[in-house]
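For reference, the structure is listed below as structure tokens.
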Amino acid sequence: MPSNEQDQAFMRVALKEAARATELGEVPIAALVVQGDRILAQTHNYRELWQYPTAHAEIIAIRAAATTLGSWRLLDTTLYVTLEPCTMCIGAIILARIPRIVFGARDPKAGACGSVFDLSSEPKLNHRVSVTSGVLEQESQALLQKFFRELREAPPTTKPSPPQ
């Protein structure tokens, strides 16, 4: 099992990636898929830029890691994510056979690893996921809070009216 220092080091990489998301107007959430000490995939959310509801960091990272390994089974990997995965993402994590998740901040509105639901250890599913939560939690929360505070404080933008 990886050490707490290794988890923190990878979470720092994820936090840097999440900070890059804000430059694109994306919610600062990032994910890494790691095998041993090798990062197989590293990305952030692209929902706003792509206008695609499933463009969560976890989904994109899982796809990239599967491509890198040439297999949809991401055995012996760890997914690092700055925010607790939602139900869609934990579903993809389970389907990809990722054995371990490490996340930063809890998501009290949509978290599916213990906050709202706990699908990571659901006995009816064919795969369980070990979860380590709260790694650099304050840093993850602060990044999200700053993003949403600045979004609320920004002057309203006017969008062109649709044609009639």
Side-chain angles (χ1 to χ4, degrees), residues 1-50 52-107 109-115 117-121 127-148:
M1 170 145 319
S3 70
N4 189 38
E5 287 138 13
Q6 185 179 25
D7 285 347
Q8 288 183 14
F10 283 124
M11 190 60 73
R12 282 189 191 90
V13 174
L15 284 165
K16 286 180 185 174
E17 182 69 30
R20 284 193 278 278
T22 62
E23 298 167 12
L24 299 173
E26 295 287 345
V27 176
I29 301 169
L32 315 174
V33 178
V34 174
Q35 189 174 56
D37 61 357
R38 177 180 168 214
I39 297 173
L40 301 174
Q42 173 179 333
T43 191
H44 56 74
N45 276 14
Y46 277 93
R47 288 190 335 167
E48 295 301 324
L49 189 64
W50 295 353
Y52 197 68
T54 64
H56 289 203
E58 298 97 320
I59 300 296
I60 300 165
I62 288 167
R63 183 174 182 177
T67 298
T68 298
L69 291 178
S71 174
W72 62 266
R73 292 176 184 89
L74 300 180
L75 306 172
D76 302 319
T77 63
T78 299
L79 178 85
Y80 290 86
V81 61
T82 56
L83 182 67
E84 180 180 3
C86 69
T87 55
M88 175 185 69
C89 291
I90 190 65
I93 292 161
I94 290 166
L95 290 172
R97 307 297 192 264
I98 295 173
R100 183 168 183 256
I101 301 168
V102 177
F103 71 83
R106 289 204 169 274
D107 186 347
K109 294 182 180 179
C113 294
S115 290
F117 303 104
D118 189 2
L119 296 179
S120 61
S121 61
H127 180 68
R128 311 291 175 286
V129 182
S130 170
V131 176
T132 301
S133 62
V135 175
L136 301 182
E137 181 174 16
Q138 291 178 340
E139 291 89 335
S140 296
Q141 284 177 338
L143 191 59
L144 287 162
Q145 288 169 344
K146 179 179 186 259
F147 175 81
F148 286 112

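- For Asp76, the CG atom is loosely surrounded, since the number of other residues' heavy atoms within 6.0 Å does not exceed 12.
- Counting only distance, with no hydrogens or angles, the side chain of His127 and the backbone of Ile98 share a donor-acceptor pair below 3.5 Å.
- The shortest heavy-atom contact between Leu83 and Arg106 is CD1-O, 3.7 Å.
- Within the 3.5 Å criterion, the main-chain N or O of Leu24 finds no donor-acceptor partner in the side chain of Glu48.
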message = Determine whether Tyr52 and Ile60 satisfy the following criterion, side-chain contact (heavy atoms from CB on, under 4.5 Å), listing intermediate values before the conclusion.
response = CA-CA 12 Å; Tyr52 197 68; Ile60 300 165; over 6 Å; no
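- Between Phe147 and Glu26, the shortest heavy-atom distance links the atoms CE1-O, 3.4 Å.
- You'll find the side chain of Thr68 stays beyond 4.5 Å of the side chain of Gln35, heavy atoms only.
- Between the CD1 atom in Ile101 and the OH atom in Tyr80 there is a gap of 12.0 Å [rounded to 0.5 Å].
- For Glu58 (side chain) and Ile93 (main-chain N/O), no donor-acceptor pair under 3.5 Å exists by modelled atom type.
- Listed for the Gln42 side chain is no donor-acceptor partner under 3.5 Å among the backbone atoms of Glu17.
- Ala30 and Ala18 get closest at one heavy-atom pair: CB-N, 3.4 Å.
- The closest side-chain heavy-atom distance from Ser120 to Ile90 is below 4.5 Å.
- Salt-bridge formation is not detected for the pair Arg20/Glu23: no Lys NZ or Arg NE/NH1/NH2 atom is positioned less than 4.0 Å from an Asp or Glu carboxylate oxygen.
- The number of heavy-atom neighbours closer than 6.0 Å to CZ of Arg97, taken from other residues, nucleotides and ligands shown, is above 12.
- Nearest heavy atom pair, residue Leu143 against residue Ala19, reads CD2-N, 3.9 Å.
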request  = Go through the steps to decide whether Phe10 and Val102 satisfy the test side-chain contact (heavy atoms from CB on, under 4.5 Å), and finish with yes or no.
outcome  = CA-CA 9 Å; Phe10 283 124; Val102 177; over 6 Å; no
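- For the side-chain contact (heavy atoms from CB on, under 4.5 Å) with Thr77, the lone residue among Leu79, Leu75, Leu74 that qualifies is Leu74.
- The distance from atom CD of Gln141 to atom CD of Glu139, rounded to the nearest 0.5 Å, is 9.5 Å.
- Note that CD of Glu84 is 14.0 Å distant from NZ of Lys109, once rounded to the nearest 0.5 Å.
- Residues Met88 and Thr54 share a closest heavy-atom pair of SD-CG2, 3.4 Å.
- Atom-to-atom distance recorded for Asn45:CG and Ile29:CD1 is 4.5 Å, nearest 0.5 angstrom.
- Put simply, the side chain of Leu95 does not reach to within 4.5 Å of the side chain of Trp72, judged on heavy atoms.
- The structure places OH of Tyr46 at 15.5 Å from CD1 of Ile59, a figure rounded to the nearest 0.5 Å.
- Closest heavy-atom contact between Cys89 and His56: SG-ND1, 3.4 Å.
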request  = Give the C-alpha distance, both sets of side-chain angles, the deciding distance and a yes or no for side-chain contact (heavy atoms from CB on, under 4.5 Å) between Thr82 and Leu144.
outcome  = CA-CA 9 Å; Thr82 56; Leu144 287 162; 5.9 Å; no
Step-by-step side-chain contact (heavy atoms from CB on, under 4.5 Å) determination, Arg100 to Asp7 = CA-CA 11 Å; Arg100 183 168 183 256; Asp7 285 347; 2.7 Å; yes
